[in-house]
Amino acid sequence: MLVSADLSSNLTISDTQSYIDLETTYGADNYHPLDVVITKGKGAWVWDIEDNKYLDCLSAYSALNQGHCHPRIFQAMVEQAKKVTLTSRAFRNDQLGKFYEKLCQISGLPKVLPMNSGAEAVETAIKAIRKWAYTIKGVAKSQAEIIVCSNNFAGRTISIVSFSTEEQYQHGFAPFTPGFKVVPYGDVAALEAAITPNTAAFFLEPIQGEGGIMIPPDGYLKQAERICRRNNVLLVFDEIQTGLGRTGKMFAFEHEGVKPDGITIGKALSGGFYPISAFLSTSEVMDVFNPGDHGSTFGGNPLAAAIAIAALDVIVDEELPERAAELGNYFISKLQAIPSPHIEEVRGRGLLIGVELKPEAGGARRFCKALMKEGILAKETRENIIRFAPPLVISRSDLDWALERIEQVLIAS
Ligand SMILES: *Cc1c(COP(=O)(O)O)cnc(C)c1O
């Protein structure tokens, strides 16, 4: 008690340890952050409270594709904040429709339902899928099944962790939501075998981000599409991490020319400023919703909509998917050429890259700590994978700067 009183009354704390103590004194211990206290960000770079500069190679798990504090998105936020920020959906606002139209033009899907966090977009997808199963497909009451993949990540709500295969995500949180069936990621035969007359949808990430930058075999998405079509099963992609330019296309499903029935997006839709997510789908799916079926107080608020419009404009106008493709190929090939005894495999698409380390390398975290000392912020994914996912606005010279240091750390550490 005394400790916390001292800390909170001290308004001039400026050293890193004091900030860390404040967080650990008052905060839940549900993350394991690197001990850098960031106070400023611009483009691909951030600064800590001691004015050390770092290249951000995580981009808030791909929520910062446009870079930190993008001036155009900032401007849109300030302009909108001066006018009106929240109306609730009890009334209409003059930003929401424009946001819908832009998103539909960009995605090729005709309907949108806006939410706030990624997990809420996934929850929305699950509700839409289930109601479609009952009202359109004709599945018997409470029997709808959704097929998902092992090693998935889709958020942290009870229903979402109900279909996680990560033991820690479930441990201590039972009872779980029924109605999910897990098949191995990348296994077409297993998908086909899992389908029953009650199957409503196949819901998956086109590339598994949190699962360790796992890229399915070529043709997997296309074959999954064919199987879904044949069985009247919806194909729904979680593009929350892979979408909006990250993998070198606007959406990762475009790599295989697939036409999904629905997608969830979030993260970079915010431009890094303000949480906003969405479920997008065909009209047939979205039309299952009637007034009162679903909603969110903040979902679709005018501040979020104005920010998302600018965030999307930046992705299109600055050709961020094209940048991700070009710089990603370059980055991946340079990483693959690093002669480190610790590297098992370098894989990625666009600027979503994983460096998997050998089991005997001692885990990825020690390398992330060493990288931090060199001015690069990256985070371990699973135990032994280092994820490199810098903002898509990063320059080639900044990448070269990083590569030199990454090589050094991976060889010397
Ligand atoms: C981050 C993420 C989510 C959850 O988003 P939140 O905004 O953290 O709720 C869902 N799916 C995927 C693929 C993600 O990477």
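Just so you know, ligand 1 is whichever comes first in the structure, and atom 1 is the first atom listed for that ligand.
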task: Check the angle between the aromatic planes of Phe289 and His294 and answer parallel, tilted or perpendicular using the 30° and 60° thresholds.
output: parallel

task: Run the numbers for me: atoms of ligand 1, each under 4.0 Å from some heavy atom of Gln241, listed by number.
output: 15 (O)

- request: Pick, from Ala63, Pro275, Gly118, the option with the minimum heavy-atom distance to atom 7 (O) of ligand 1.
  value: Gly118

Whether Tyr61 lies under 4.0 Å from ligand 1, heavy atom: no

message: Considering non-hydrogen atoms of the protein only, which is the closest contact for atom 4 (C) of ligand 1, and what is the distance?
response: Ala119 N, 3.8 Å

field: Exceeds 12 heavy-atom contacts within 6.0 angstrom, atom CD of Glu383
entry: no

- request: For the residue pair Asn65 and Arg323, confirm or rule out a side-chain donor-acceptor distance under 3.5 Å.
  value: no

query: Has ligand 1 got any nitrogen or oxygen that is less than 3.5 angstrom from a nitrogen or oxygen of Gly155?
result: no

statement: the protein heavy atom lying closest to atom 11 (N) of ligand 1 turns out to be Asp238 OD2, 2.6 Å

query: So which protein heavy atom does atom 2 (C) of ligand 1 come closest to, and at what separation?
result: Lys267 NZ, 2.5 Å

message: When you measure from the heavy atoms of Ala154 to every atom of ligand 1, does any distance fall below 4.0 Å?
response: yes

Euclidean distance, Asp56 CG relative to Asp398 CG, rounded to 0.5 Å: 11.5 Å

message: Checking the N or O distance criterion of under 3.5 Å, is ligand 1 in contact with Glu205?
response: no

message: Is the positively charged end of Arg130 above the ring of Phe180, judged by distance under 6.0 angstrom from the centroid and angle within 45° of the axis?
response: yes

- prompt: What is the distance from atom CZ of Arg349 to atom CD1 of Ile332, rounded to the nearest 0.5 Å?
  reply: 9.0 Å

query: Are there more than 12 heavy atoms of other residues, nucleotides or ligands under 6.0 Å from atom CG of Asp218?
result: no

